[in-house]
Amino acid sequence: MTMNSVTLSATPKDNGYQSTVSFGDGVGISSAETYPTIGEAITAAALKLLDMPERLCRLDDTDILGSQSPAG
């Protein structure tokens with residue numbers, strides 16, 4: 001089984017930082033807003049991740065390549 005991953009990141013944009021949630025399968029979701037600090041951008045990414053429970057559930061159902069895991 002391949003390990004799934006989720007990355008929260010902050011990237012400089014304009015006068016602040018843009019938050020991004022990236023999944024191991026290559027999907028990434030970036031904020032339209034910018035945040036004044038890296039910490040605020042990472043917090044925003046974490047909150048966005050919590051707003052996507054269906055995406056988190058799919059991490060248990062499939063591996064990074066999209067094939068069924070032995071438990072699924």
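None of these values were measured; they are calculated from a predicted model. Keep in mind that the numbers below use all heavy atoms, side chains included, and drop hydrogens, waters and symmetry copies.
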**OP:** Please check if atom CG in Asn15 has more than 12 non-hydrogen atoms from other residues, nucleotides or ligands closer than 6.0 Å.
**Re:** no
Subject >> Closest non-hydrogen atom pair, Ala41 against Tyr17 >> reply: CB-CB, 3.9 Å
Subject >> Electrostatic pair Asp25-Arg58, nearest N-O below 4.0 angstrom >> reply: no
Original post:
Closest heavy-atom contact between Ala45 and Val21?
Top reply: O-CG2, 3.3 Å
**OP:** To the nearest 0.5 Å, tell me how far Thr7 OG1 sits from Ile42 CD1.
**Re:** 9.5 Å
Original post:
For the hydrophobic clusters of this structure (ILVMFWY residues joined by side-chain heavy atoms under 4.5 Å, transitively), does one cluster hold both Leu49 and Leu47?
Top reply: no
**OP:** Say whether Glu40 and Thr37, considering side chains only, have a donor N or O and an acceptor N or O under 3.5 Å apart.
**Re:** yes
Subject >> Heavy-atom pair of closest approach, residues Leu50 and Pro53 >> reply: O-CD, 3.8 Å
**OP:** Using the test side chain to side chain contact (heavy atoms under 4.5 Å, CB included), find all partners of Ser31 that sit at least two apart in sequence or belong to another chain.
**Re:** Gln18, Ser19, Glu33, Tyr35
**OP:** Please name the pair of heavy atoms, one in Ser30 and one in Thr20, separated by the smallest distance, quoted to 0.1 Å.
**Re:** OG-OG1, 3.0 Å
Subject >> Residue Lys48 excluded, over 12 heavy atoms near NZ under 6.0 Å >> reply: no
